[in-house]
Visitor: 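Okay, handing you the structure first.
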Amino acid sequence: MATKNKSELVAVTEKEYEKLDTLVSSISSTQANKKHDDDTSIKDVIGHRAHWISLFLGWYREGMAGKQVYFPAEGYKWNQLKEYNKQLRTDQRSLTWEDVTLLLRENHKKLIKFISDHTNAELYGKPMKGANNNWTPGRWAEAAGSSHYRSASKFIRACLKK
């Protein structure tokens, strides 16, 4: 269920991040780099989650500046996410497990600051500028944060069971 206000957004973002951080903290570099389904590792998934927080913050900035916003990124359409994510894994290949966990931690802090710096009305009052849909900035923040954290935790638990 989607959050409806700033306090719910902060609570669910912190709750899901804590669960993910606990999992991530228990994983060795060897475990993190092992490839699983779709040639994807835990490291890849954590790098992806960190990257999408940056994408969201960029979308918001560009929209507020009145610039064209590229969803999900310039040169890609939503139906090309597999290709985009594959390219992202290639682009992040040289990052270490420590690099991606630090990137996630830092981007989580940026996301929490973004949420904290905006009022409930700014987060939930109207659709995000440039998004060309009815999602509010709060809904986009939830998708980039807690929803992604939750799915990453699920992926990691499944990998650790194998």
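Counting from 1, the numbers follow the sequence of the chain as shown. Quick caveat: nothing in here was measured; it's all calculated off a predicted structure.
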Visitor: Taking it one step at a time, do K6 and I115 satisfy side-chain contact (heavy atoms from CB on, under 4.5 Å)?
Guide: CA-CA 7 Å; K6 180 177 177 172; I115 297 167; 4.2 Å; yes
Visitor: Test E62 against K129 for side-chain contact (heavy atoms from CB on, under 4.5 Å), laying out the working first.
Guide: CA-CA 8 Å; E62 297 295 308; K129 288 186 178 182; over 6 Å; no
Visitor: Calculate, to the nearest 0.5 Å, the distance between atoms OG1 and CD belonging to T13 and E8 respectively.
Guide: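 Interatomic distance, T13 OG1 to E8 CD, rounded to 0.5 Å: 11.0 Å.
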Visitor: Hey, does the side chain of S25 reach the backbone of D21 with a donor-acceptor pair shorter than 3.5 angstrom?
Guide: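 At least one qualifying donor-acceptor pair exists.
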Visitor: E16 pairs by salt bridge (Lys or Arg N to Asp or Glu O under 4.0 Å) with which of R150, R49, K154?
Guide: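 Passing option: R150.
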Visitor: Y149 versus K19: any side-chain heavy-atom pair under 4.5 Å?
Guide: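 A side-chain contact is absent here, since even the closest heavy-atom pair is not under 4.5 Å.
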Visitor: Side-chain heavy atoms under 4.5 angstrom apart, residues restricted to Ile, Leu, Val, Met, Phe, Trp, Tyr: same cluster for V10 and V12?
Guide: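 Different clusters: V10 never reaches V12 through Ile, Leu, Val, Met, Phe, Trp or Tyr contacts under 4.5 Å.
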Visitor: Give the minimum heavy-atom separation between V45 and A152, together with the two atoms involved.
Guide: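 Scanning both residues, the minimum pair turns out to be CG1-CB, 3.8 Å.
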Visitor: Look at the side chain of N120 and the backbone N and O of N5, then say whether any donor-acceptor pair between them is shorter than 3.5 Å.
Guide: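 A pair under 3.5 Å: no.
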Visitor: Got a donor-acceptor contact below 3.5 angstrom from the K43 side chain to the S29 backbone?
Guide: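 Pair absent, no side-chain N/O of K43 close to backbone of S29.
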Visitor: Flag the pair H48 / F155 as yes when their ring centroid distance falls below 6.0 Å, and as no otherwise.
Guide: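 So the answer is no for these two rings.
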Visitor: Would you check if the side chain of D99 reaches a backbone N or O of T96 as a donor-acceptor pair within less than 3.5 Å?
Guide: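 At least one qualifying donor-acceptor pair exists.
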Visitor: Can a salt bridge be assigned to the pair K109 and E106 using a cut-off of 4.0 Å between side-chain N and carboxylate O?
Guide: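 Salt bridge: yes.
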Visitor: To check you understand the geometry: which heavy-atom pair defines the closest contact between W52 and A144, and what is its length?
Guide: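 Closest approach of W52 to A144, heavy atoms only: O-CB, 4.0 Å.
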Visitor: What are the two closest heavy atoms between A50 and N107, and how far apart are they?
Guide: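 Taking every non-hydrogen atom into account, O-ND2, 2.8 Å.
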Visitor: Heavy atoms, side chains only, cut-off 4.5 Å: are W140 and N133 in contact?
Guide: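 The answer is yes, as the side chains (C-beta and beyond) meet within the 4.5 Å cut-off.
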Visitor: Do the side chain of T136 and the main chain of G125 share a donor and acceptor less than 3.5 angstrom apart?
Guide: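 No.
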Visitor: Do the side chains of L9 and E142 get nearer than 4.5 Å, heavy atoms only?
Guide: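 They are in contact (side-chain heavy atoms under 4.5 Å apart), so the answer is yes.
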Visitor: Are N85 and D44 side-chain neighbours, meaning at least one heavy-atom pair lies under 4.5 Å?
Guide: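 Side-chain contact under 4.5 Å: no.
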Visitor: When you look at NZ of K34, are more than 12 heavy atoms from neighbouring residues, nucleotides or ligands closer to it than 6.0 Å?
Guide: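 No.
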Visitor: Does some side-chain heavy atom of I112 sit less than 4.5 Å from a side-chain heavy atom of Y17?
Guide: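 No, every pair of side-chain atoms sits at 4.5 Å or beyond.
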Visitor: Test your reading of the model: is there a side-chain donor-acceptor pair from W59 to the backbone of Y70, 3.5 Å cut-off?
Guide: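 Yes: the side chain of W59 pairs with the backbone of Y70.
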Visitor: R93 and T90: side-chain contact (heavy atoms from CB on, under 4.5 Å), yes or no, with the steps?
Guide: CA-CA 5 Å; R93 187 176 33 229; T90 299; 3.5 Å; yes
Visitor: Starting from I42, can I reach L103 by hopping between I/L/V/M/F/W/Y residues whose side chains sit under 4.5 Å apart?
Guide: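 No, L103 and I42 fall in different hydrophobic clusters.
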Visitor: Is there a side-chain contact between M128 and Y60 in this structure, where contact means two heavy atoms from C-beta onward sitting under 4.5 Å apart?
Guide: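 They are in side-chain contact.
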Visitor: Work out which heavy atom in F71 is nearest to a heavy atom in G130; give both atom names and the distance.
Guide: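 Looking at all heavy atoms of both residues, the shortest contact is CE1-O, 3.2 Å.
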Visitor: What do you reckon, is NZ of K82 surrounded by more than 12 foreign heavy atoms closer than 6.0 Å?
Guide: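 Not buried by this count: 12 neighbours or fewer within 6.0 Å.
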Visitor: Search all heavy atoms of L55 against all heavy atoms of P72 and return the closest pair with its distance.
Guide: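 It is CD2-O, 3.8 Å.
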Visitor: Flag the pair I156 / V24 as yes when at least one side-chain heavy-atom distance between them is below 4.5 Å, and no otherwise.
Guide: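 Yes; the side chains approach each other to less than 4.5 Å.
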Visitor: What's the separation between atom CZ in R89 and atom OH in Y84, rounded to the nearest 0.5 Å?
Guide: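 Taking CZ in R89 and OH in Y84, the distance rounds to 12.0 Å.
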Visitor: Are I53 and L23 in one and the same hydrophobic cluster, where Ile, Leu, Val, Met, Phe, Trp and Tyr link if side-chain heavy atoms are under 4.5 Å apart?
Guide: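 The answer is yes; both residues are in one hydrophobic cluster.
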Visitor: Got a second to check how far R139's CZ is from T3's OG1, nearest 0.5 Å?
Guide: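 If I round to the nearest 0.5 Å, the distance is 7.5 Å.
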Visitor: With a 4.5 Å limit on heavy-atom distance, are the side chains of E98 and L102 in contact?
Guide: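 Side chain of E98 against side chain of L102, heavy atoms only: no contact under 4.5 Å found.
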Visitor: So which atom in P137 and which in F114 form the shortest heavy-atom distance, rounded to 0.1 Å?
Guide: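 Residues P137 and F114, closest heavy atoms: CB-CZ, 4.5 Å.
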Visitor: So does I27 get a backbone contact from the side chain of Q31, meaning a donor-acceptor N/O pair under 3.5 Å?
Guide: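 No; zero donor-acceptor contacts below 3.5 Å.
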